[in-house]
Amino acid sequence: LRDAIYNSKGIKEKSAILNEAIADLTLYRKQLDVLQKASELYWKWYASFKVLEVENHLVDLITEQSDFVKAQVEYGNLAQLAYIEVSTELQKRLFKRAKAERKAQEMSLALANYLWLESGEPLGLFAKDQVPSVKEEIAQGLVMENINEAKLKALKFRPEFKAINLSKDIAILERKFAKNQMLPELDLFINQGVETGEDSIGPTTVAGVNLSIPLRVRTGQGLKKQAELSLQSLNLASRELMQNVILELENAVSELEQSKAKTKFAKESLILANQLFEGESEKFKLGDSTLFLVIRRQRAMAEANIQYYKAFADYRTAEQVFKFLQGELI
C-alpha cells in the first residue's frame, strides 16, 4: 500500500520533468526582458541619430545664413554686429551638434551589447548610414475590446503563470507522496524450501501476509503540511501576479495613449515651427525682419524637431512594451 503508486523515486522523476519545463519558461521570461531592454535602447538610438540629423541640418542652415549676412555686411546693408551675432549662433549650433554626436555614440555602444550574429559573434556598432527609414505613423487608439484581449493574452501566454501552475503540480505530487507515507505497509510473501530428515515431507511452500500499521506518522504529516503550505503560497502568488499583470497592462495602455497624443502634438508643433521659420527667413531676405527673429525661429524649429523625434521614440517604445507585457516575443 505504501510506495505502491507514489514513491520517492517516481516523485523525483516527475518533479524533474516539471522543473525542466519551468526552466524553459524562465528562459522565455529572460528573453522577454532582454528584448524589451533592447527595444527601448533601439528607439533611443534611433532618436539620438535623428536629433543628430537635425543638428547637422541646422549647422548647414546657420552656415548659409552666416554667408548671407557676411555678404550683406560687405555691401553695407547690415551692421558688423549682425555678423558677430550669426557667428555666435553658429558656434552654439556646432557645440550642440558635438553633444548630439556624443549622445549618438553612447546609444550605439549601449545597443551593441544586444546585437549578435547567429554565429555568436558580436555585430558591432551601427554606422550613421544604417539608421533605418521608419514610417512615422501613429496607430489608432485602443478600444476596450483591444485592452480586454490584451489582458486575456497576458494571462494565457505570460510564462510566469505557466511556471506557477507547474510549481503547483509539483506541490500536489509532494502532498500525495506525503499522504502515501502515512499508509500501512502490506507485503505478500511466498517462501519455498525443502524439508529433510526423518518424517520429512520434502518440498514446502509457505505463503503469508505482513501488515505493518504505523502508530505515529509525524514525518508524513510534516511533509503533507509543508506541501499544503506551498500550495497556499503559490495560490497567493498567482493572485498577486494576476493583479500586477493587469495593473501593468493598464499602465502600459495609459502610457501608450499618452505617448500617441504627445507625438501628434509634437508633429503639429513641428509643422507650425517650420512654417514660422520659413516665413521669417523669407521676410529677412526681403528686409522686413531682423536676424534676431530669424535665429529665434530657427531655435524653435530645432527644438520642435528634437521634441518630435523623442516623442516618436517614446511612442514606439510604449507600443513595444504593451506587446511584451502580453508575453509576445517580437
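Everything numeric in this text was worked out from a predicted model, so none of it was measured. When a residue number appears, it is its place in the shown sequence, counting from 1.
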Exercise. Is a side-chain donor or acceptor of Ser108 paired with a backbone partner of Ala104 at a separation under 3.5 angstrom?
Worked result: yes
For this session: Indicate the atoms forming the closest heavy-atom contact of Leu78 with Ala82, along with that distance.
Result: CB-CB, 4.3 Å
Exercise. Per the salt bridge (charged side-chain N to carboxylate O under 4.0 Å, His left out) rule, which among Lys50, Arg93, Lys96 passes with Glu55?
Worked result: Arg93
Problem set entry | Minimum heavy-atom distance between Thr204 and Val194, given as atom pair plus value | OG1-N, 4.0 Å
Problem set entry | side chain to side chain donor-acceptor pair (under 3.5 Å) involving Tyr309 - partner list, sequence neighbours excluded | none
Exercise. Can you list the residues that meet the side chain to side chain donor-acceptor pair (under 3.5 Å) rule with Lys151, with sequence neighbours excluded?
Worked result: Glu250
For this session: Please lay out, stage by stage, how Leu52 and Arg97 fare under the test side chain to side chain contact (heavy atoms under 4.5 Å, CB included).
Result: CA-CA 6 Å; Leu52 180 58; Arg97 184 176 69 175; 4.1 Å; yes
Problem set entry | Closest approach of Ala266 to Tyr308 (non-hydrogen atoms, all atoms of both residues) | CB-CA, 3.7 Å
Exercise. Any side-chain hydrogen bond (donor to acceptor under 3.5 Å, both in side chains) pairs touching residues 223-239, not counting sequence neighbours?
Worked result: Lys168-Asn235
Exercise. With side chains defined as the heavy atoms from C-beta onward, is the minimum distance between Leu25 and Leu166 less than 4.5 Å?
Worked result: yes
Exercise. Nearest heavy-atom pair of Val51 and Ala100: which atoms, and what distance?
Worked result: CG1-CB, 4.4 Å
Exercise. So do Asn180 and Lys176 actually touch side chain to side chain, heavy atoms under 4.5 Å?
Worked result: no
For this session: Could I get the full list of side chain to side chain donor-acceptor pair (under 3.5 Å) partners for Lys153, not counting sequence neighbours?
Result: Glu328
Problem set entry | Aromatic ring pairing Tyr42/Tyr46, orientation class (parallel under 30°, perpendicular over 60°, tilted between) | parallel
Problem set entry | Close side-chain approach of Leu35 and Tyr114, heavy atoms under 4.5 Å | no
Problem set entry | Set of residues satisfying ring pair (Phe, Tyr, Trp, His ring centres under 6.0 Å) with respect to Phe68, sequence neighbours excluded | Phe284
Problem set entry | Side-chain heavy atoms of Met107 within contact of Leu111, under 4.5 Å | no
For this session: Mind running salt bridge (charged side-chain N to carboxylate O under 4.0 Å, His left out) on Glu282 and Lys285 for me, showing each step along the way?
Result: CA-CA 5 Å; Glu282 191 64 28; Lys285 290 178 181 178; 5.1 Å; no
Problem set entry | Pairs where residues 267-279 contributes a residue and the test salt bridge (Lys or Arg N to Asp or Glu O under 4.0 Å) is met, not counting sequence neighbours | none
Taking distance alone, no hydrogens or angles, what donor-acceptor pairs closer than 3.5 Å link side-chain atoms of residues 241-249 to residues at least two apart or in another chain?
{"residue": "Asn244", "atom": "ND2", "partner": "Glu240", "partner atom": "O", "Å": "3.3"}

Exercise. Do Ile190 and Val206 have side-chain heavy atoms sitting under 4.5 Å apart?
Worked result: no
For this session: In sequence, state the C-alpha distance, the side-chain angles, and the governing distance for Ile22 and Ser167, and then conclude on side chain to side chain contact (heavy atoms under 4.5 Å, CB included).
Result: CA-CA 8 Å; Ile22 292 174; Ser167 297; 3.6 Å; yes
Problem set entry | Side-chain donor or acceptor of Thr263 paired with backbone N/O of Ala311 under 3.5 Å | yes
For this session: Name all pairs fulfilling the side-chain hydrogen bond (donor to acceptor under 3.5 Å, both in side chains) condition that reach into residues 12-31, sequence neighbours left out, sorted by first residue then second.
Result: Arg29-Asp33, Arg29-Glu160
Pairs of donor and acceptor atoms involving the side chains of residues 294-301, under 3.5 Å and at least two apart or interchain, shall be tabulated with distances.
{"residue": "Arg297", "atom": "NE", "partner": "Glu280", "partner atom": "OE1", "Å": "3.3"}
{"residue": "Arg299", "atom": "NE", "partner": "Glu89", "partner atom": "OE1", "Å": "3.2"}
{"residue": "Arg299", "atom": "NE", "partner": "Glu89", "partner atom": "OE2", "Å": "3.2"}
{"residue": "Arg299", "atom": "NH2", "partner": "Glu89", "partner atom": "OE1", "Å": "2.6"}

For this session: Could you name each residue pair satisfying side-chain hydrogen bond (donor to acceptor under 3.5 Å, both in side chains) that touches residues 68-78, not counting sequence neighbours?
Result: Gln72-Asn77
Problem set entry | Other cluster members, Leu231 - Ile/Leu/Val/Met/Phe/Trp/Tyr, side-chain contacts below 4.5 Å | Ile172
For this session: Give the cluster check for Phe312 versus Ile271: same hydrophobic cluster or not, with ILVMFWY residues linked at side-chain heavy-atom distances below 4.5 Å.
Result: no
Exercise. Given Val209 and Asp187, is the side chain to side chain contact (heavy atoms under 4.5 Å, CB included) satisfied, shown in steps?
Worked result: CA-CA 6 Å; Val209 176; Asp187 297 320; over 6 Å; no
Problem set entry | With Arg316 via salt bridge (Lys or Arg N to Asp or Glu O under 4.0 Å) - residues at least two apart | Glu319
For this session: Determine the minimum heavy-atom distance between Val59 and Leu90, stating which atoms define it.
Result: O-CD1, 4.2 Å
Exercise. Phe161 and Arg158: side chain to side chain contact (heavy atoms under 4.5 Å, CB included), yes or no, with the steps?
Worked result: CA-CA 6 Å; Phe161 289 106; Arg158 284 280 290 265; 3.7 Å; yes
Exercise. So, are Glu40 and Lys37 salt-bridged, with charged N and O less than 4.0 Å apart?
Worked result: no
